Amino acid sequence: MCGIVGTVSQRPVAQVIYDALLVLQHRGQDAAGIVVCDGDRLNLRKDNGQVSDVFHTRHMLKLTGTMGIGHVRYPTAGCSSSAEAQPFYVNSPYGITLAHNGNLTNVEKLNTELYQSDLRHINTESDSEVLLNVFAHELHSSGSLNLTAEQIFTAVTETHKRIEGAYAVVAMLTGKGIVGFRDPHGIRPLVYGKRETDSGCEYMIASESVALQTSGFELVADLKPGEAVYIDVAGNIHLRQCVASPQLNPCIFEYVYLARPDSIIDDIYVYKARLRMGVKLARKILKQMPRHDIDVVIPIPDTSRPAAIELAYHLSVKFREGFIKNRYIGRTFIMPGQHLRNKSVRQKLNPIGIEFKGKNVLLVDDSIVRGTTSKQIIQMAREAGAKKVYIASAAPPVRYPNVYGIDMPAAQELVAHDRSDAEIAEYIGADWLIYQDLSDLVDAVQKGNRSIETFDCSCFDGHYVTRTVGNEYLVKISKLRNDSAMGHGDEQTNVVGMELHNNA
């Protein structure tokens with residue numbers, strides 16, 4: 001899970017990319033980067049940390065140019081280091097920079113091909129650098145000095161044939177334009193929009209619609225699975241389907257947790273989907289415990305709030321804010337290493353004692369992954385005086401790793417792996433636990449766009465939509481992702497490749 005953005009204008013774009021990255025900060029807090037094109041020269045700034053920490057006035061003044069791309073990074077597949085910030089750069093052909101959201105599942109095979117057949121060296125552990133070099137090789141094979149949109153789409157088509165997994169991509173061709181494309185299943189989101197100015201029409205490509213809207217761009221459409229968009233330096237837009245048999249299988253976890261509630265993904269309003277999750281969950285509670293003794297419904301902020309509001313309404317129970325969130329602590333789910341996650345929970349949340357004391361409390365969370373955060377929050381509720389602590393999850397049990405760009409841990413580190421609901425409740429210290437049914441979750445999301453027949457629900461049901469994910473791959477990714485292998489995530493470093501004109 002990362003955030004990407006690209007824009008083409010006739011005016012300087014650094015500020016608008018910066019603003020978009022701020023809005024996409026929830027998708028990655030590990031590192032951030034912007035590269036802009038000024039004629040035939042690239043200016044790059046990328047570093048560890050959040051957007052406001054990476055970019056200061058002295059950096060922004062040097063990011064001159066009228067088209068550019070940006071990235072906020074969330075480390076996946078066991079890499080907890082911040083050293084591999086994007087965008088990545090390769091000088092041939094044309095000078096290409098690329099930012100990527102997702103995860104390639106055949107990266108080892110591609111690494112071998114790139115070295116032995118394409119004669120290309122990969123300098124980092126990032127699959128994004130692999131993807132960049134595959135695209136660069138295909139563009140070199142089909143391109144010429146006078147590059148056309150047709151040649152770019154041919155390169156994207158050939159890239160699709162070689163890479164597997166989940167990927168939403170923005171790439172900038174120096175002095176020529178920006179390309180965006182989405183994998184054949186549309187697992188990770190990608191949208192594009194436009195705005196009219198005195199100097200002409202400007203375009204933006206981004207991970208979520210909210211990045212467009214906050215900068216004054218009108219949402220045009222989601223890129224379809226397998227589709228590519230090319231916006232040339234003059235502001236002309238070209239679209240092409242680059243896959244023979246695309247099938248839309250968006251990641252359902254985007255609607256549960258990843259995306260901002262004010263975003264629209266594949267014509268589904270994320271906020272409305274989360275409200276419907278609450279309705280479904282309330283009905284299940286009433287079915288299982290028709291004479292419940294719940295006094296108050298309290299969300300675990302922030303993602304679960306829409307579901308909790310609707311749940312409380314349909315249970316005819318008071319809704320209360322019982323936890324105050326420290327806005328300066330990042331999302332614990334996407335922090336590298338269990339040590340940092342554990343350390344952050346009590347720094348992040350503080351209970352309002354009066355809402356807990358002497359009450360039977362139903363806590364509502366968007367999902368329960370490792371269970372360690374839930375355990376600490378339940379303990380906090382008891383310390384605040386709760387008589388009983390129940391917990392409801394707006395998502396089903398997470399029993400399987402996600403291999404498409406969300407760094408969920410190895411299966412054995414998932415609290416629901418090989419445990420019954422009663423055993424999970426005992427482990428996290430809850431008096432009662434209830435999960436959303438998968439069929440209800442799918443229906444809650446699908447109601448926003450009935451044309452989507454299937455979602456990627458692999459972390460809930462273990463069915464992976466791409467063909468290279470088998471037991472051998474899962475064992476390998478498990479070794480990379482388990483917390484003992486990752487360490488605490490704050491002492492590891494990697495070698496960084498070429499930085500272009502890095503405005504340090």
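No hydrogens, no waters, no symmetry mates; every other heavy atom, side chains included, goes into these values. Note that the structure is a prediction, hence the values are computed from the model and not measured.
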**Residues, nucleotides or ligands: over 12 heavy atoms within 6.0 Å of Tyr313 OH** = no
**Request:** Look only at the side chain of His185 and the backbone of Ala166, and say whether a donor-acceptor pair between them is shorter than 3.5 Å.
**Result:** no
**Prompt:** Do Asp262 and Tyr271 have side-chain heavy atoms sitting under 4.5 Å apart?
**Reply:** no
**Prompt:** Which pair of heavy atoms, one from Ser209 and one from Ile264, lies closest together, and at what distance?
**Reply:** OG-N, 2.8 Å
**Asn249-Thr454 side chain donor-acceptor pair, cut-off 3.5 Å** = yes
**Prompt:** Do Phe153 and Val179 come within less than 4.5 Å of each other through their side chains, counting heavy atoms only?
**Reply:** no
**Lys/Arg-Asp/Glu bridge criterion (N-O < 4.0 Å) met for Lys272, Glu310** = no
**Asked** Side chain of Lys46, backbone of Ala85: donor and acceptor closer than 3.5 Å?
**Response** yes
**Fill in**
For Gly68 and Met172 the tightest heavy-atom approach is CA-SD, 3.6 Å
**Message:** Testing Ile122, Val90, Leu98 one by one against Glu129 for a side chain to side chain contact (heavy atoms under 4.5 Å, CB included), which residue passes?
**Reply:** Ile122
**Request:** Measure up the Phe455 and Tyr255 rings against each other and bin them: parallel (under 30°), tilted (30 to 60°), perpendicular (over 60°).
**Result:** perpendicular
**Prompt:** How are the rings of Phe460 and Phe253 set to each other: parallel, tilted or perpendicular (split at 30° and 60°)?
**Reply:** tilted
**Asked** Less than 4.5 Å apart, any side-chain heavy atom of Tyr89 and any of Leu44?
**Response** no
**Request:** Verify, without hydrogens or angle tests, whether Asp127 (side chain) and Leu104 (backbone) share a donor-acceptor contact under 3.5 angstrom.
**Result:** yes
**Item:** Over 12 foreign heavy atoms within 6.0 Å of CD, Glu196
**Value:** yes
**Asked** Does a donor on one side chain sit under 3.5 Å from an acceptor on the other, for Asp19 and Ser215?
**Response** no
**Prompt:** Mind checking whether Arg274 and Thr303 have side chains closer than 4.5 Å, heavy atoms only?
**Reply:** yes
**Prompt:** So, for His140 and His137, is the gap between ring centers shorter than 6.0 Å?
**Reply:** no
**Message:** Between Tyr74 and His26, is the ring centroid distance below 6.0 Å?
**Reply:** no
**Prompt:** Do Phe181 and His160 have ring centroids that are under 6.0 Å from one another?
**Reply:** yes
**Request:** Output yes when a side-chain donor or acceptor of Asn133 lies under 3.5 Å from a complementary backbone atom of Leu114, and no otherwise.
**Result:** no
**Request:** Run the numbers on Met60 and Gln15 for side-chain contact (heavy atoms from CB on, under 4.5 Å), then give the verdict.
**Result:** CA-CA 8 Å; Met60 298 299 293; Gln15 187 63 50; 4.1 Å; yes
**Non-hydrogen atoms of Glu84 and Phe88 that approach each other most closely** = O-CZ, 4.0 Å
**Item:** Over all atoms of both residues, closest heavy-atom pair of Val54 and Ala32
**Value:** CG1-O, 3.8 Å
**Message:** Check this for me: does any side-chain nitrogen of one of Arg162 and Glu138 sit under 4.0 Å from a carboxylate oxygen of the other?
**Reply:** yes
**Prompt:** Taking the side chain as C-beta and beyond, is there a heavy-atom pair between Val72 and Ser207 under 4.5 Å?
**Reply:** no
**Message:** Please evaluate residues Leu248 and Lys224 with respect to the criterion side-chain contact (heavy atoms from CB on, under 4.5 Å), reporting the C-alpha separation (whole Å), side-chain torsions for both, the decisive distance (0.1 Å), and the verdict.
**Reply:** CA-CA 8 Å; Leu248 182 57; Lys224 298 181 180 67; over 6 Å; no
**Request:** Check the pair Met277 / Val256 against side-chain contact (heavy atoms from CB on, under 4.5 Å), numbers first and verdict last.
**Result:** CA-CA 9 Å; Met277 292 175 204; Val256 171; 4.2 Å; yes
**Message:** When you compare the side chain of Pro306 with that of Leu275, does any pair of heavy atoms fall below 4.5 Å?
**Reply:** yes
**Complete:** The single option from Gln436, Gln446, Lys280 that satisfies side chain to side chain contact (heavy atoms under 4.5 Å, CB included) with Leu441 is Gln436
**Lys/Arg N to Asp/Glu carboxylate O, Arg305 vs Asp302, below 4.0 Å** = yes
**Message:** Between Gln10 and Ser199, do the side chains contain a donor N or O and an acceptor N or O under 3.5 Å apart?
**Reply:** no
**Item:** Step-by-step side-chain contact (heavy atoms from CB on, under 4.5 Å) determination, Asn111 to Val130
**Value:** CA-CA 7 Å; Asn111 257 318; Val130 172; 3.8 Å; yes
**Message:** Check whether Phe323 forms a cation-pi arrangement with Lys348 (NZ or CZ under 6.0 Å from the six-membered ring centre, at most 45° off the ring normal).
**Reply:** no
**Exercise: identify the closest heavy-atom pair between Thr7 and Tyr203** = OG1-O, 2.7 Å
**Request:** Check Asp222 against Glu227 and note the closest heavy-atom contact, atom names and distance.
**Result:** O-OE1, 4.2 Å
**Asked** Would you say Asp456 and Arg188 make side-chain contact, with heavy atoms under 4.5 Å?
**Response** no
**Prompt:** Would the number of heavy atoms belonging to other residues, nucleotides or ligands and lying under 6.0 Å from OH of Tyr269 be above 12?
**Reply:** no
**Asked** Any side-chain heavy atom of Asp183 sitting closer than 4.5 Å to one from Thr466?
**Response** no
